[in-house]
*Asks:* 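One structure coming up, written as structure tokens, with questions to follow.
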Amino acid sequence: MSFTITDECNGCGACVKFCPVDAIRGEKQEVHVIHDMLCIECGACGRICPVEAVRDGEGNRCVPVRKSMWEKPVFNHKNCISCTICIDACPVGCLALARLPTAKDPHGYPGLKDEKACIGCGFCASECPTDAITMAVPEIKVKRGAHG
Amino acid sequence: MPDAYMGSILRVDLSGETISEERIPDSIYENYLSGLGLAAYILFKEIPAGADPLGPDNILGFVSGLLTGTGSLFAGRWMVTGKSPLTGGWGDANCGGTFSPAIKRCGYDGIFIRGISENPVYLYVTGEKAELRDASHVWGKDAVEAEKMLVAETGPRSRVALIGEAGEKRSLISGICNDGGRIAARSGLGAVMGSKRLKAVVLNGAKRIPVHDRDAVHKLSGKCGQWVRMQSPLIPGGMMAYLGAFMRFLPVQMALDGMLYKMFLRKWGTGSMNQMSVEMGDAPVKNWLGSHIDFTAKKSAATNPDILKQREIIKYHCYACPLGCGGICSTKGKYARTHKPEYESVIALGGLCMNNDIESIFYLNELLNRAGMDTISAGATVAFAIECYESGVITRHDTGGLELTWGNSTAIVELVRAMIRREGIGDILADGSRKAAERIGGDAKSHAVHAGGQEPGMHDGRDDPGYALHYSVEPTPGRHTIGSFMYYEMFQLWKVIKGLPRIWPLYMKGSKYTANKKKAVMGAACSRFMNVVNGAGLCLFGTFLGAKRIPTFDWINAATGWSRTPEEYMEIGGRIQTVKQLFNIKHGIEPNNFLLTGRATGDPPLVEGANAGRTVDIKGMIRDYWKQFGWDEKTGKPTAESVIRSGIRED
Amino acid sequence: MSTYREVKPGDKPFKRAYVAVMLWFVGRAIQSAARVDRAVRAEFDALPEGFTFCLGVEPRGPFMVVGKNRKGKAKYLGWNLQGREIDLSMRIKNLEAAILLFTFQESDALSACRNRIIVDGDIPAACAMMRVIDIVEVYLLPKIIARMAIKRYPAWPFRRKYLGRVRIYIRSVLGY
Amino acid sequence: MYLPNQYRFSCSAKINSGTRALENLPMELDALNATRPLIIAGENSPRRGYVKKVISALKDSGMTLGVCDDIPDDPDPSLIGELVNLYRHRDHDSIVAVGAGPVVDVAKIVNIAISHDGGASLRQLEGGARIMNPLGPFILVPTAGATGYETSRYAGVRDMMFSSPFLMPDLVVIDPRMVPAVESGQMIDSAMTALTHAVEAYTSAAKNPIADVYGYAAIGFVMKHLAPVVSRPADREGRCALVNAACMAGCIISDDTRGMAHALGETVSAMFGIARGISMGIMLPYTVAYRAVNGEAFIAELLLPVAGFYEYGRTTPSLRASVAVTMMIDLVRELNETADGVMPRTLEEAGVPEYMLQDIAETAVSHGLSRFGRDDYLTVARQAWEGSPAMDR
């Protein structure tokens, strides 16, 4: 089931920028439409929409989340079997295999290559056959201000 | 709502430049699975009898597997299918990398291309649309370079399958490449792609693949992954040769458990067998005339798996593969990086030509991968040419000054280059040894080793008659990836399928060479099973784990929501085999003509080495094998009765 | 950037002090020699009135200044350059070179060839001053050392050499 | 001596060579109006004590120095940005590059960046002749391993390449203390690179009388001193001569003078992981021979710097080119013997398979460093592989 956009949409175009499959079309300042054959239900549009105009496949209202609070994959290399399914599952291609810097193991392990590109869809976690990936909000490094 | 498969295919007609989508009824998937089965069904129906393999009527099919993208492991193989210009019959080739899921992510189970384009084009498919684009800028470029250019043009998530120079020049031993030099090499389908002037298929979809019960698939995968990760310390690579020599002396044979082979694969890749195979007689040497006495352990020491492993920068994992038998290696010369040469390449370019210059093998491997030429066929053709030269059938004048002697790596490289460019003698050899022998004439025919035109893989039927059988009986002859007695041991199918003979852990070596009904049953089981595996898109090396450890049938059930028994799947496998055979019959192939050259089956037998004095009763085995499918045991043609029984409608 | 650091290279107090002492002594010796030795006096006589000459080390000293006072006598004028108009300056490019020169490992002529000395001013005057310094060195140094320090060791009569040496030493130390 | 119809020569580099040449640094800095130099040095320089010596030379100057002495051998372009920031924020006004190779490249590029603030980004200045104004004060202290690129008009890190006469250093200080005896491989590598630069400049059509003098000295120094230095690394004068040769060779290379040996040497080096100087050294005699046989005019003149007046004078003009080639091959042979196995005599000895020669030729053409074609390269590569130089008739 595809996501949909209601007429609450103000046509800001934020979702267009984040849709990994270019499924959202629409003129600026006008109501946008999601192409139902293309939508992969990653939910990025729902998370970014400032006016809560996106409904998910079941028709529920999507709640916007601040981009810094989007969940990102965390890899457990102990469970990982380097099958690369997650890399292929990622609709934005932000994962890549690389050797662990410390280990002698010649096998590569997946990691977030392009953290900014990640849209937090969780497809990698859901397709991982060994549950080596969990989605979590990245810990924000708290900057110590003048007030401690 | 289909599960596991996408339910539709893409059809492209290059002549009319039309592209259309077609829904495939569920019953087809239920009867033929996806992947190879789907392609066999469509191609059998649609390619007109007697069509020119390099003409517009031939259909080139890129298919993914039924299990690809469902979360099952080892499901990263894609297949290219068509009428083979090399054998004139059914042709398919199989490759890993990341192209297989890409087909499904565009929303198709297969892409079928017919017609001939006027100008070089490439097919660009996304989840939304498909179009033909001009490819004149990449035409003439090698496969790796062209792939890089196309990826740069269409986005980093693009997956590309394409031909190199060999395919463009319609070399009948050319294949189709993807992922920087992996190649679906056999059956000469690169030439078909070249004849269509289709440089590449570029896929860039992101669709999700439906799965009936993802959790169940994952549960099975998790268990299987545990088996794959299990690794024990192994002997050093240099010792493998002595292990092989030891096995040569033993009068008894140990049934090989796939777990052991898996550990070799995980550590060294297929190259683990480089030396061992020569020693135990599994690898052909000196164009099938020699043995470990000609190519001693000292000579083959350069192919020691540890030496290959030293150059590994990182292991290469195909899609969904936890094993990682491949590797990206550093190499000297023009190309900084290369895929690690596989066992077949090392033997074909090494032992078969008596070449022990490992640097040249690395280089040739990369050269052939980039040109999109089959390393097995190319190596075998070079070995054929060397034998011709040594026996005086061709002279220095014919070779253009090349000193084509056994093991002359410089001459071998020059020859392969000439074959890729189709220059001088290379033009004569570029279509494989059978065609070359015809062109050279005279005695040359007696030096060519092939089955139905295709050079057999680098496993000796005199050591394991199962190979000889499958080289000869398969609709795609000369293939080492279908079955052998060793494969049967490793598949351990008897553990899940009733009625199949079981193999005891130890048996007398002599029993291996008798042709009897049991062997035929085993051979037929391998063929059926591999059809299921190729329909599911699984990797052969995964299935070596053994039927209990790799849940092939359970995965299919969990992913599709069917509930079938392994026996039912084996029946589907048989059906696919019959369709492929019918395809050959339709195109006027006499199955008997695919018989492997006598030399490779021990006729005349070798006088020394591991396989001395052995002759395989190939004709007897073939008869029994055909009987297993209910085909005519003399001609190999499926009888009307067997066709009806397997539920094939010839409409 | 991992290892950027700021460095104060520091000083070479001993070398500097040594050179300063030597310069001080040479300055005073020139002054005395001008009174004692006729050749030196003749050189100074040829120089214009109020001529000042400085010898020193770049970039921060020490220096010594010798001048011709109104009476036409050579006079050591101290180490301070401030407020003086220097007619001829000979500056050694660095302290190490000065050490070479004043430990007599290198003659001033050689030092000049090796591009260690910058001369600023009238060239004939500079040559004259070089001759003066050579003579002074002959007076001050024993033959073995002086031979290294000057171009050609002169054959002077006993009186000139040894009496002159004694007088110059006494005058230099006492400073008159 | 050949006077071209038209020529241009400029070399802004002042060379200050000899014992304790370093000690002049404070004065020279002063002359350049610099008071806060930034010292940029390679990561191996602390081990060799290079930076320490430079700092002690600056003692008593009263200056405060900035020191960055961990530039890796394969520097990342991002490093340049960091250095530029440092330079600006710590109020430096000059650069002293201590080292050879990539360190100097980094220093040069930093100098470009700090001299072109605002407006133009580094990328816009890439390529030839985009840098039109003099840059900041730049002093080079070459250490062992200097190849001549240091003093040249070129600078490059990864894929960034710059070329401008203003990239030549203002001052080069060659002090024997900074050129310790290093392993013979490195010594041969750098000297052979310098020799190749010098020979190619000396024989190129773009030669001119002044460049000839530089080239003459550089070739002479290498021919005379390389083998003795390799057999007796304690030879301080010889080492100093080699670095001088490298600096002089660097002063005269330009796009017009980099020729066949350069192109082939770089190609072989990249393809087989052989040190650049070594592979150029293998190639050099064969390219010279090939060019001589193909009738290039200036090759015979090469005998003069290679062998000296006496040999030059007593050799018949028609034989001069081949004698020069023979002498260069002899040098390689001698090095091969004295420095056991570091210097292969032929490509075959260097481990280049015969079948790769074609690839070498093709790659060399694709690099487009000189005007020769695939067949020329192939012929020369084959001759270098076999060790048989082209000879007349």
Side-chain angles (χ1 to χ4, degrees), chain A residues 1-2 19-25 35-44 57 77-101 103-110 113-114 117 119 121-133, chain B residues 68-76 97-102 104-105 107 126-129 155-159 204-209 211 214-215 217-229 266-269 309 312-324 327-328 555:
Chain A
M1 284 295 285
S2 156
C19 180
V21 290
D22 293 331
I24 308 180
R25 309 282 154 86
H35 194 300
D36 61 343
M37 289 303 288
L38 295 180
C39 176
I40 54 169
E41 300 174 58
C42 66
H77 293 310
K78 252 190 186 158
N79 281 2
C80 178
I81 52 174
S82 313
C83 68
T84 73
I85 286 179
C86 51
I87 293 174
D88 193 77
C90 177
V92 292
C94 66
L95 304 178
L97 221 55
R99 275 175 81 153
L100 297 180
K104 276 190 181 169
D105 191 350
H107 296 268
Y109 289 92
K113 172 186 72 177
D114 188 357
I119 53 170
C121 61
F123 289 176
C124 47
S126 79
E127 290 205 14
C128 176
T130 59
D131 297 331
I133 306 178
Chain B
T68 301
T70 59
S72 45
L73 302 177
F74 293 107
T98 55
F99 192 72
S100 180
K104 277 184 150 176
R105 291 206 187 275
T126 65
E128 188 183 1
K129 60 175 193 292
R157 264 190 61 88
S158 289
R159 305 282 182 244
N204 196 355
K207 288 205 168 146
R208 303 207 72 197
I209 294 150
V211 183
R214 199 178 279 274
D215 287 340
V217 176
H218 280 180
K219 214 176 230 171
L220 293 165
S221 297
K223 239 190 232 161
C224 178
Q226 292 291 318
W227 284 109
V228 177
R229 274 159 69 99
R266 190 163 167 87
K267 182 167 180 191
W268 291 299
K309 194 176 154 67
E312 225 169 50
I313 299 164
I314 188 173
K315 290 271 185 199
Y316 183 84
H317 288 255
C318 294
Y319 171 73
C321 175
L323 185 57
I328 303 291
W555 264 335

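Numbered from 1 within each chain, the chains take letters A, B, ... in sequence-line order.
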*Asks:* Of the non-hydrogen atoms in B:R208 and A:E127, which two are nearest, and what is the gap between them?
*Replies:*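 So the two residues come closest at NH2-OE2, 3.5 Å.
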*Asks:* What part of B:I314 is in contact with chain A, defined as an atom under 4.5 angstrom from a non-hydrogen atom: side chain, backbone, both or neither?
*Replies:*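 Interface part for B:I314: both.
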*Asks:* Could you tell me which of B:K315, B:K207, B:K219, B:R214 has the largest number of non-hydrogen atom pairs under 4.5 Å with chain A?
*Replies:*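 The candidate making the most pairs under 4.5 Å is B:K315.
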*Asks:* So which residue, B:P101, B:P156, B:G324, ends up with the most heavy-atom pairs under 4.5 Å with chain A?
*Replies:*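 Top count of heavy-atom pairs under 4.5 Å with chain A: B:P101.
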*Asks:* Mind running side-chain contact (heavy atoms from CB on, under 4.5 Å) on A:D88 and B:R159 for me, showing each step along the way?
*Replies:* CA-CA 10 Å; A:D88 193 77; B:R159 305 282 182 244; 4.2 Å; yes
*Asks:* I'd like to verify something: which residue of B:G69, B:S221, B:C318 has the highest number of heavy-atom pairs under 4.5 Å with chain A?
*Replies:*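 Counting heavy-atom pairs under 4.5 Å, the top option is B:C318.
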*Asks:* Do you know the tightest heavy-atom contact between B:A206 and A:I40?
*Replies:*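 So the two residues come closest at O-CG2, 3.1 Å.
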*Asks:* At a heavy-atom separation under 4.5 Å, does B:T70 approach chain A through its side chain, its backbone, both, or neither?
*Replies:*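 B:T70 has no heavy atom closer than 4.5 Å to chain A.
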*Asks:* For A:D105, is it the side chain, the backbone, both, or neither that has a heavy atom closer than 4.5 Å to a heavy atom of chain B?
*Replies:*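 It is neither, since no heavy atom gets under 4.5 Å.
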*Asks:* Check each atom of B:I313 against the heavy atoms of chain A and say whether the ones under 4.5 Å are side chain, backbone, both or neither.
*Replies:*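 Backbone only.
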*Asks:* Taking A:I85, A:T130, A:V21 one by one, which has the highest count of heavy-atom pairs under 4.5 Å against chain B?
*Replies:*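 Max contact count across the listed options: A:I85.
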*Asks:* Of all heavy-atom pairs between B:H317 and A:T84, which one has the smallest distance, and what is that distance?
*Replies:*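 What the structure gives for the nearest pair is CB-CG2, 3.8 Å.
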*Asks:* Evaluate the criterion side-chain contact (heavy atoms from CB on, under 4.5 Å) for residue pair B:T126 and A:D22; output intermediate values, then yes/no.
*Replies:* CA-CA 11 Å; B:T126 65; A:D22 293 331; over 6 Å; no
*Asks:* Check each atom of B:I209 against the heavy atoms of chain A and say whether the ones under 4.5 Å are side chain, backbone, both or neither.
*Replies:*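 Neither; nothing under 4.5 Å.
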*Asks:* Roughly how far, to the nearest 0.5 Å, is NE2 of A:H107 from CD of B:E312?
*Replies:*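 Spacing of CD (B:E312) from NE2 (A:H107) equals 8.0 Å.
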*Asks:* When heavy-atom pairs shorter than 4.5 Å are enumerated against chain B, which of A:C86, A:P106, A:S126, A:P20 gives the highest number?
*Replies:*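 Heavy-atom pair counts peak at A:P106.
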*Asks:* Measuring heavy-atom distances to chain A, does B:K309 have an atom under 4.5 Å in its side chain, in its backbone, in both, or in neither?
*Replies:*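 Contact with chain A involves the side chain of B:K309 alone.
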*Asks:* Can you tell me how far the OG atom of A:S82 sits from the CG atom of B:L323, to the nearest 0.5 Å?
*Replies:*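 Spacing of OG (A:S82) from CG (B:L323) equals 10.5 Å.
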*Asks:* Let me know if B:R266 has heavy atoms under 4.5 Å from chain A in its side chain, its backbone, both or neither.
*Replies:*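 It is both, since atoms from each part get that close.
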*Asks:* Heavy-atom pairs under 4.5 Å with chain B: which of A:C128, A:C80, A:A89, A:G108 has the most?
*Replies:*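 It is A:C128.
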